[in-house]
Number of protein chains: 2
Amino acid sequence: MKLREFAKQLGLSPTTVSRALSGYPEVSEVTRARVAEEAVRLGYRPNVNAVRLKTGRAGAIGVVMGRAGEFHFAEFMAGMAERLLTEDTDILVIPMADPDHNDEMQLYRRLVESQRVDAIIVHSPRPNDERIALLHKLGMPFLVHGRSDIDVPHAWLDIDNEGAVRRATSHLIDLGHTRIAMINGRPGATYALHRDKGYREALQSRGIELDPQLIASGNFTDELGFRFARSLLEQSNPPTAIVAGSMMTALGVYRAVRSLGLQVGREVSVIAHDDVFPYLTADNMAPSLSATRSSMRAAGTRCADLVLQLVSGRSPLDIHELWPVELILRESTAPVQR
Amino acid sequence: MKLREFAKQLGLSPTTVSRALSGYPEVSEVTRARVAEEAVRLGYRPNVNAVRLKTGRAGAIGVVMGRAGEFHFAEFMAGMAERLLTEDTDILVIPMADPDHNDEMQLYRRLVESQRVDAIIVHSPRPNDERIALLHKLGMPFLVHGRSDIDVPHAWLDIDNEGAVRRATSHLIDLGHTRIAMINGRPGATYALHRDKGYREALQSRGIELDPQLIASGNFTDELGFRFARSLLEQSNPPTAIVAGSMMTALGVYRAVRSLGLQVGREVSVIAHDDVFPYLTADNMAPSLSATRSSMRAAGTRCADLVLQLVSGRSPLDIHELWPVELILRESTAPVQR
DNA sequence: CTCAAATTTGAAAACGATTTGGTTGGAAAA
DNA sequence: TTTTCCAACCAAATCGTTTTCAAATTTGAG
């Protein structure tokens, strides 16, 4: 059913019908009601492509998905979806070609030029992120999930990674730990730098010298957690505590500790960061896992919200949200054994 | 840059340019080359919305995302993305409103009517799935990821859940186990029925009577695995083996076993189904986890491929792929202890 | 009761591509 | 030489909306 047809059935012009449905003021309430009602009854629905062509709006916001298939991606998306449910806006998932650099720039450029999205969400930005510069230059609205130091105005939402790790580390120091290992994310992303900073600051402020051997970084897999923890704990001067970075690495760390006949929450304390997954909870681990917590799903919801505001004209200049992170203490952290 | 403008710069008509770029035969090779080259140089790119309006193609395939934020969703998507990278097709993620029934039908209906997608992938179908009937009725191309008994012709791709669980269970029986518990997915979905069937058949063919107490079902969370395994193992007549359903429930089961001072691969054997995640591998669990394995990512890739074929006219009638599942034996399965 | 102002409605021109149904000029066939 | 055919190109219609500008209708003041 097309507009023409539908309008004819109502004995109205396409103009009026279009206006009635899009909520313009210059149509009487009585006809608006009638149009709305009949639209449902006869099943009229504007052709989305025609609308988009005419209005120039794409009706979608783009999310570039890395190749790694990060496990928190689904949660973030679910959060976005929740917010966009009532909106007439889609989520467009754009696969990232290669981790290759030029290619990624090409990807963003093409995405903008093809006008398939009204805005883009940029994940895991780097301190000096070309994507941000590019999007800004191209005039595409975008929201950065994470932070960047780049000298280009942009909207962002991030969690306080630095503070989270600082508090986690400090707490371990409070418990008497001095050899504290740390598993970070892939080097390059700002959040990894922030975590590193939080870790260093906590140590430094308590006069503990940093041992570079105690730091690892890479994708948040259980394997990384296992290998690193295991190799450290086998050494002569093992750490007594580990800041594990993510739920998956924490699983690996737990396994490593057990495999050596040690016990988490006794010989080794562990704190991880918990993005809050429905299928794997810190509370349920054994022993329950102390964690810095921040809901990835909530972040997705809020990001969607902010992007909608961005699209409808809000300036990116004053969109800067830094979410605090809670530290929840459970059984995996305990005073250092002597 | 619009087509008009671009064509004028080349001294050609929009017609010829359009044809040159879309690979029509009635344009000379030399002009085609020139057009292609200049398009890159001047940065001309057809407006996607105009193309879609004119051709009636949406250039996107829809995937409805459940609210649960299942952890395998990201992998499936990553797989799809891989295939669609070179194609000019987007993935549209549609949030599912409520698990409420009517709403879901509404969702699909609206999705089809709004013409935002060229095809839809339906996940976790039920034996008699109204969504399938609806999509068929509405004439929207779709691919079912999973199977349905519904009496409507449709394309599908599924893994052999029944065979996988049958083999897993049989193997446990071969090892001497007779009390074998089973954790299934949410009741209702066909795959859960298939798994149940595989389980029952394996038992029956070996003359083992089924104990309904040994079966659980629900979302694949570590919590479910833990609670169920724990409660069973505390009983007077505990199972000696558990078919754990998923990696996450397997984690819970492992925890439960350990929490009771028992050992996986000794007092209790465990087999799970592994969708192959980069961040959590069966091989890395301790003890390493015997698993039926089938790559979710590969399924995503293939589904994308099939959907593309569907869109370009291939009949759904002969698209039926049943993927075999490998059973990989590791340390978590061992002969029953006596 | 008139006339201007305010409220509703419509006709037609976009939006930016694709595609139908021609032209055109030159080579091959008669 | 004339006719036929083909390759290469183009003008204009079209996809289904939104929106500008103008017309018709109603309202309210004088």
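Per chain, numbering begins at 1; letters A, B, ... match sequence-line order. Reckoned from all heavy atoms, side chains included, excluding hydrogens, waters and symmetry mates.
Under 4.0 angstrom from either OP1 or OP2 of C:dG16 there lies at least one side-chain N or O belonging to B:Lys2. Residue A:Ser18 has no polar side-chain atom (N or O) positioned under 4.0 Å from OP1 or OP2 of D:dT19. For B:Thr31, no side-chain nitrogen or oxygen approaches OP1 or OP2 of D:dA8 to under 4.0 Å.
In this structure, B:Asn47 places its CG atom 13 Å from C1' of D:dC15, rounding to the nearest Å. Counting to the nearest Å, the P atom of D:dG16 and the NZ atom of B:Lys54 are 9 Å from each other. Nucleotide D:dT18 holds its C1' atom 15 Å from the CG atom of A:Asn49, rounded to whole Å. A:Arg4 has its CZ atom 10 Å from the P atom of C:dA11, to the nearest Å. With rounding to whole Å, A:Arg32 atom CZ is found 10 Å from C:dT9 atom P. If you measure from atom CD of B:Glu113 to atom C1' of D:dT17, you get 17 Å, rounded to the nearest angstrom. Rounded to whole Å, atom C1' of D:dT19 lies 13 Å from atom CG of A:Leu53. Regarding B:Glu26, its CD atom lies at a distance of 10 Å from the P atom of D:dA7, rounded to whole Å.
B:Ser124 places no side-chain N or O within 3.5 Å of a backbone atom of B:Ala189 that could act as its donor or acceptor partner. Under the 3.5 Å distance criterion, the side-chain polar atoms of B:Arg52 are matched with a main-chain donor or acceptor of B:Ala58.
Expressed to the nearest 0.5 Å, how far CG of A:Leu135 lies from CZ of A:Arg109 amounts to 10.0 Å.
Relative to the side chain of A:Ser13, the nucleotides D:dT17, C:dT19, C:dG10 differ in distance, and C:dG10 lies closest. When distances are taken from the side chain of A:Val51 to each of D:dT18, D:dG16, D:dC10, the shortest belongs to D:dT18. The listed nucleotides are C:dG16, D:dC9, C:dT19; the one nearest the side chain of B:Tyr24 is C:dT19. Closest to the B:Thr55 side chain, of the nucleotides D:dT17, C:dT9, C:dT18, is C:dT18.
A salt bridge links A:Arg83 to A:Glu87: at least one charged side-chain nitrogen sits closer than 4.0 Å to a carboxylate oxygen.
Nearest-nucleotide mapping onto DNA chain D: of B:Thr16 and A:Arg45, the residue sitting toward the 5' end is B:Thr16.
Among the atoms of the strands shown, only primed sugar atoms or phosphate atoms (P, OP1, OP2) are found under 4.0 Å from some heavy atom of A:Tyr44.
The base of C:dA11 lies close enough to the side chain of A:Thr15 for a donor and an acceptor atom to sit less than 3.5 Å apart. A donor-acceptor contact under 3.5 Å is formed by the side chain of B:Arg19 with the base of C:dT20.
A:Leu3 pairs with exactly one of A:Asn47, A:Val17, A:Thr15 by the side-chain contact (heavy atoms from CB on, under 4.5 Å) rule, that one being A:Val17.
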